[in-house]
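Single-structure report; data block below.
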Amino acid sequence: MPENYDAIVIGSGISGGWAAKELCEKGLKVLMLERGQPLEHVKDYAEANKPAWEYPHRGSRTQQMIKDYPVLKRDYPLNERNLHYWASDKDCPYTEIKRFDWFRGYHVGGRSIMWGRQSYRWSDFDFEANAKDAIAIDWPIRYKDVAPWYDHVETFAGISGSMEGLPQLPDGKFLPPMDLNCVEKDVAARLKEKYEHRRLIIGRSANLTTAKPDESRQCNFRNMCSNGCPFGGYFSTQSSTLPAAKKTGNLTLRPYSIVTRILYDKDKKKSTGVEVLDAETNKTYTFNSKIVFLCASTLNSAWVLMNSATDIWPDGLGSSSGELGHNLMDHHLGVGAGGEVDGYEDKYYFGFRPNGFYIPRYRNLFGDKREYIRGFGYQGAASRQGWSREVAELNIGADYKDALSEPGHWSVGMGGFGEILPYHENKVTLDKTKKDKWGLNVLAIDCELKDNELKMRKDMVSDAAEMLEAGGVKNVQAREGDGTPGRGIHEMGTARMGNDKKTSVLNKWNQVWDCMNVFATDGACMTSAACQNPSLTYMALTARAADHAVSELKKMNL
């Protein structure tokens, strides 16, 4: 017999954790389904306190790893330190019609364990951009609709940051900011003096600069976050939302549960629950619920909807508009600049700050007009070289050891994060010719940068070099790297929100137009990409949607 719940949450990452917390705290009996393995807070962070020199290959990658992970090897996720957190390329393949670097984590907590923790609000410059530029469709919400939910999630998660009064980057409910180091402060002062609208500020990060004693959480400035933090120093499902959901007694967590489809009753015109393939036994189960929150991450959420095809919607649940799977976005990066800083040899910094600086967007704002639309921001840091550097003048002996016992010269670098527009032709589909380990059809991804992004990248390179030189940095070298979509690990789109069910998959409350008791609140819902890291917005939209769902349940509308 199927098990019955008030709500089912598909996925346990940043969005899924928030959905479970909010729904449980509102009194619903919730089943959270995670396709991957269990990962218990503290106990299962096997590498949390292990320094690089204790790894056989100093934490780097081996030739066998490169062979076994042909996708993951394309960027930093392939390393010896936290490889077990990343999904297997062999077990979980996908088809690249055009190259797309898809880096996933299949375990309880998902990528909330490995994320970069940069947490920025969007402004109405972002929510109004599609309408202003006549691109794609208009967002069905504005900043005022999300602002109280930004307050809500920032207060609970713990976001450190500085109050800056920037219209393009709204301030929030911040914990005390981390400090810029001495070089960053001087560069920031020079930029502020030279430019009217370019500001270098400390990053806004989901690291606790003030302890939460009731939750035994505090950031210790170790900068080992991606291994899992035994101190709960940053926001993750394990450290934050999952304990809150469990505390209610309303949560059931089931790992190794691959949701293969959302079940739809065409007479009642709503979902009755989900079908699950047990990843360990290959047995199929059915779970019933009043509402379903789809939070499997952008591409997996699209897969679930497309795989939930019926005779009514042969292209998948939510496909009536023809937009399901389309408008795939990410942030394009890989370009920037770096250089050396003279002086400051008598200066250093305390601890290992798990954060850097941020330069918010300034292009196509405040009267600036470029050959492209939208814009970009930068993330970076200044630091002194450590023991792992090479000393060109020395290669052996006591002098070499002495040299490495002192920090090296100061350097500073930064990379751009640019917005990708929501192009209808950037899409995912089901590849019915290729199967994964469990015999399920895989995704085919067809996505590329276009003329607007390529023009933007020229400014991203030249502006970075210009600003570092203006900041007093020497020997500045511009960097033109790989901008392949996916590398930002900020997948967005495929089930966008909108005002009209003929042109969107979801309404303004994240409900699937074709099945109103199904909510999609992860990156799949995004109507445009902005240039800020999107996870804080996922949190806010999820909490907002959960509040609406419970209200509608009480009114008997679902």
Side-chain angles (χ1 to χ4, degrees), residues 8 10-11 15 94-95 97 100 102 130 136-140 258-277 289 291-329 422-436 440-447 491-528 541 545 549 558:
I8 290 174
I10 304 171
S15 302
Y94 62 101
T95 299
I97 296 174
F100 189 97
W102 188 15
N130 279 4
I137 62 170
D138 189 12
W139 276 88
I258 303 173
V259 175
T260 52
R261 60 191 180 110
I262 297 171
L263 302 173
Y264 179 77
D265 186 322
K266 63 182 179 182
D267 295 322
K268 296 180 180 179
K269 296 184 178 179
K270 63 181 182 180
S271 170
T272 59
V274 302
E275 184 179 87
V276 166
L277 178 67
S289 65
I291 58 174
V292 175
F293 265 67
L294 180 55
C295 305
S297 81
T298 294
L299 298 181
N300 283 313
S301 288
W303 182 92
V304 170
L305 289 171
M306 289 188 290
N307 210 54
S308 302
T310 66
D311 55 351
I312 302 173
W313 295 298
D315 294 324
L317 185 65
S319 64
S320 64
S321 65
E323 294 299 329
L324 178 62
H326 293 272
N327 314 296
L328 175 60
M329 300 168 285
Y423 304 106
H424 179 80
E425 57 271 30
N426 278 352
K427 65 183 187 296
V428 295
T429 54
L430 288 182
D431 183 348
K432 298 184 179 180
T433 68
K434 183 187 290 188
K435 309 283 186 181
D436 66 11
L440 300 169
N441 294 324
V442 305
L443 278 179
I445 306 178
D446 186 355
C447 183
E491 311 96 73
M492 289 173 273
T494 70
R496 69 186 180 190
M497 300 170 71
N499 288 307
D500 187 345
K501 64 181 180 181
K502 294 180 180 179
T503 58
S504 57
V505 179
L506 311 172
N507 70 7
K508 67 179 181 178
W509 299 107
N510 295 81
Q511 294 169 276
V512 176
W513 286 109
D514 299 336
C515 186
M516 298 290 275
N517 67 331
V518 174
F519 296 74
T521 67
D522 58 19
C525 77
M526 305 296 271
T527 312
S528 64
L541 292 177
L558 296 177

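In this structure the side chain of C515 reaches within 4.5 angstrom of the side chain of Y264, judged on heavy atoms. Looking only at side-chain heavy atoms (C-beta outward), W102 and N300 come within less than 4.5 Å of each other. For the pair N507/K501, no side-chain contact is recorded, criterion being any heavy-atom separation below 4.5 Å from C-beta on. Looking at heavy atoms from C-beta onward, I8 lies out of side-chain contact with I262 at the 4.5 angstrom threshold. Side-chain contact between L305 and S301: absent, with no pair of heavy atoms (C-beta onward) separated by less than 4.5 Å. Between L558 and K270, every side-chain heavy-atom pair lies at or beyond the 4.5 Å cut-off. Contact annotation: the side chain of M306 never approaches that of N441 to less than 4.5 Å [non-hydrogen atoms, C-beta and beyond]. Here the side chains of I137 and D500 are not in contact, with every heavy-atom distance at 4.5 Å or above.
When atom types are taken as modelled, the side chain of N510 and the backbone of C525 share no donor-acceptor pair closer than 3.5 angstrom. A distance-only check finds a donor-acceptor pair linking the side chain of D522 to the backbone of A296 [under 3.5 Å]. Side-chain N or O atoms of D446 include none that pairs as donor or acceptor with a backbone N or O of N426 at under 3.5 Å. A donor-acceptor pair is defined here as one N or O able to donate and one able to accept, closer than 3.5 Å; such a pair exists between the side chain of Y94 and the backbone of F100. Here the side chain of S504 pairs no donor or acceptor atom with the backbone of R496 at under 3.5 angstrom. Here the side chain of D436 pairs no donor or acceptor atom with the backbone of V442 at under 3.5 angstrom.
To the nearest 0.5 Å, the span separating CD1 on I258 from CD1 on I10 amounts to 12.5 Å. Atoms CE and CG, from M497 and D138 in turn, are 11.0 Å apart once rounded to the nearest 0.5 Å. The line from CH2 of W303 to CG of L443 is 8.5 Å long, rounded to the nearest 0.5 Å. One distance of note links NZ of K435 with CG of D431; it measures 9.0 Å at 0.5 Å rounding. Put simply, CG on D265 and OG1 on T310 are 11.0 Å apart, with the number rounded to the nearest 0.5 Å. In this structure, Y423 OH and M329 CE are separated by 11.0 Å, a value rounded to the nearest 0.5 Å.
Closest approach of F519 and A549 over heavy atoms only: CZ-CB, 3.5 Å. Nearest heavy atom pair, residue T494 against residue A302, reads OG1-CB, 3.5 Å.
Between H424 and H326, the ring planes lie parallel to each other; the angle is under 30°, not in the 30° to 60° tilted range.
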Audit row: V428, T298, side-chain contact (heavy atoms from CB on, under 4.5 Å) steps and yes/no: CA-CA 11 Å; V428 295; T298 294; over 6 Å; no

